[in-house]
Amino acid sequence: MAEPSGGRPVTVSDVQQLVRRKDEIEAQIKACYELLEGQKGVGMHEPLVDAEGFPRADIDLYQVRTARHNIICLQNDHKALMKQVEEALHKLHAREKEKHAKDEAEALAEAMSQNQSLPQAFAKVNAVTPGSPASISGLQVDDEIVEFGSVNVNNFQNLQNIATVVQHSEGRPLSVTVIRGGRRVHVGLTPKRWAGKGLLGCNIIPLQR
């Protein structure tokens, strides 16, 4: 079997088919050698004539010649097939390697594009009090804030901007977007009175850019 039809890539199934064909040829070669053994142990090179130059009468000359001819042909086929098996395996390994490299490149490209598409943060959460509105909403220490209600990197000047938004949103949910572990995370935060200080129960610091 030569290259798979239609120029498609070599598959494991193609290699298995080649190996099955190789096994068949080996079985045929073995059968031919057994036939020669059965003819008084005549091998591939023993003379087929007697001492006086006459065809030997103790063996079936036609069977011997046919078996010898078949062995030569089958051995050539076997050699060609072994080369095909080797090439097919090489192509299969090369394709697996190529696929692995492609998968790695795609994963890297995806990670890169994610990083590029992440908006810029302007502030960072550096403390969250357990049981506070910030804690209940799911805010975590080290969350980098990219949007706090209407405040974003473009209009943020100082922490007073956030304080103003918090005071005007008491009892109403605020949409807060943070970057956490390289991913964008949305949090619904409702500023309200609680047992502790302030309306949030977290500490936010501006990021130095």
Side-chain angles (χ1 to χ4, degrees), residues 3-18 86-209:
E3 187 71 25
S5 57
R8 64 179 174 78
V10 174
T11 63
V12 174
S13 165
D14 294 325
V15 175
Q16 287 170 341
Q17 209 173 323
L18 287 170
E86 196 182 322
E87 282 174 6
L89 283 170
H90 179 72
K91 282 179 187 170
L92 205 60
H93 288 316
R95 208 170 83 249
E96 282 302 312
K97 202 172 166 187
E98 191 183 305
K99 183 180 179 296
H100 181 66
K102 192 178 165 211
D103 288 348
E104 276 195 340
E106 280 177 3
L108 187 65
E110 191 184 336
M112 294 273 286
S113 71
Q114 264 199 349
N115 284 343
Q116 284 168 5
S117 64
L118 285 175
Q120 200 178 345
F122 59 85
K124 182 178 176 178
V125 178
N126 73 339
V128 177
T129 308
S132 66
S135 171
I136 292 162
S137 76
L139 263 189
Q140 293 179 13
V141 172
D142 289 335
D143 280 351
E144 294 193 354
I145 300 168
V146 292
E147 278 179 6
F148 195 100
S150 58
V151 182
N152 57 44
V153 72
N154 300 317
N155 59 18
F156 175 75
Q157 291 164 329
N158 52 46
L159 291 176
Q160 188 53 48
N161 301 138
I162 291 177
T164 304
V165 169
V166 170
Q167 282 156 13
H168 285 103
S169 305
E170 187 177 345
R172 292 203 308 271
L174 267 174
S175 173
V176 178
T177 306
V178 300
I179 295 169
R180 182 184 299 161
R183 292 185 178 278
R184 196 190 298 214
V185 178
H186 295 285
V187 174
L189 173 59
T190 304
K192 59 184 176 186
R193 306 270 168 206
W194 63 292
K197 215 166 57 167
L199 298 175
L200 297 179
C202 69
N203 197 46
I204 295 171
I205 54 169
L207 280 176
Q208 302 302 318
R209 293 291 178 197

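- Closest heavy-atom contact between Ala88 and Leu18: CB-CD1, 3.9 Å.
- Of all non-hydrogen atoms in Leu207 and Ala121, the two that sit nearest each other are CD1-CB, 3.7 Å.
- Under the rule for a side-chain contact (heavy atoms from CB on, under 4.5 Å), Glu98 has no partner lying at least two apart in sequence or in another chain.
- You'll find the side chain of Leu89 stays beyond 4.5 Å of the side chain of Glu86, heavy atoms only.
- A distance of 10.0 Å separates CD1 in Ile205 from CD1 in Ile145, rounded to the nearest 0.5 Å.
- With sequence neighbours left out, the side-chain hydrogen bond (donor to acceptor under 3.5 Å, both in side chains) criterion links Asp103 to Lys99.
- Residue pairs meeting the ring pair (Phe, Tyr, Trp, His ring centres under 6.0 Å) criterion with at least one partner in residues 152-176, sequence neighbours excluded, are Phe122-Phe156.
- To the nearest 0.5 angstrom, Gln120 atom CD is 10.0 Å from Glu144 atom CD.
- Rounding to the nearest 0.5 Å places OG of Ser150 at 10.0 Å from CD1 of Ile162.
- With Asn155 contributing its side chain and Asn161 its backbone, the two residues share no donor-acceptor pair below 3.5 Å.
- When all heavy atoms of Ser135 and Pro130 are compared, the pair lying nearest together is OG-CA, 3.9 Å.
- Looking at every heavy atom in both residues, Gly188 comes nearest to Ser137 through O-CB, 3.2 Å.
- Between Leu200 and Val166 the shortest side-chain heavy-atom distance falls below 4.5 Å.
- Gln140 and Val128 make their closest contact through C-CG2, 4.0 Å (heavy atoms, listed as atom of the first residue, atom of the second, distance).
- Among residues two or more places apart in sequence or in another chain, the side-chain hydrogen bond (donor to acceptor under 3.5 Å, both in side chains) test is passed with His186 by Thr177.
- Taking the side-chain hydrogen bond (donor to acceptor under 3.5 Å, both in side chains) definition, one finds that Lys97 meets it with nothing, sequence neighbours left out.
- The distance from the OG1 atom of Thr164 to the CG atom of Leu159 is 10.5 Å, given to the nearest 0.5 Å.
- Of all the heavy atoms in Leu92 and Val10, the pair that sits closest is CD1-O, 3.3 Å.
- Between the side chain of Thr11 and the main chain of Asp14, a donor-acceptor pair closer than 3.5 Å is present.
- Between Glu147 and the options Asn152, Leu174, Val153, a side chain to side chain contact (heavy atoms under 4.5 Å, CB included) holds for only Asn152.
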CA sep, side-chain torsions, deciding dist, call: Val178, Val125, side chain to side chain contact (heavy atoms under 4.5 Å, CB included): CA-CA 9 Å; Val178 300; Val125 178; 5.6 Å; no
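- Contact annotation: the side chain of Leu199 never approaches that of Pro133 to less than 4.5 Å [non-hydrogen atoms, C-beta and beyond].
- To the nearest 0.5 Å, the span separating CD1 on Ile179 from NZ on Lys124 amounts to 12.0 Å.
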Which donor-acceptor pairs under 3.5 Å do the side chains of residues 189-196 make with protein atoms, sequence neighbours left out?
| from | atom 1 | to | atom 2 | distance (Å) |
| --- | --- | --- | --- | --- |
| Arg193 | NE | Glu170 | OE2 | 3.3 |
| Trp194 | NE1 | Lys197 | O | 3.4 |
| Trp194 | NE1 | Gly198 | O | 3.2 |

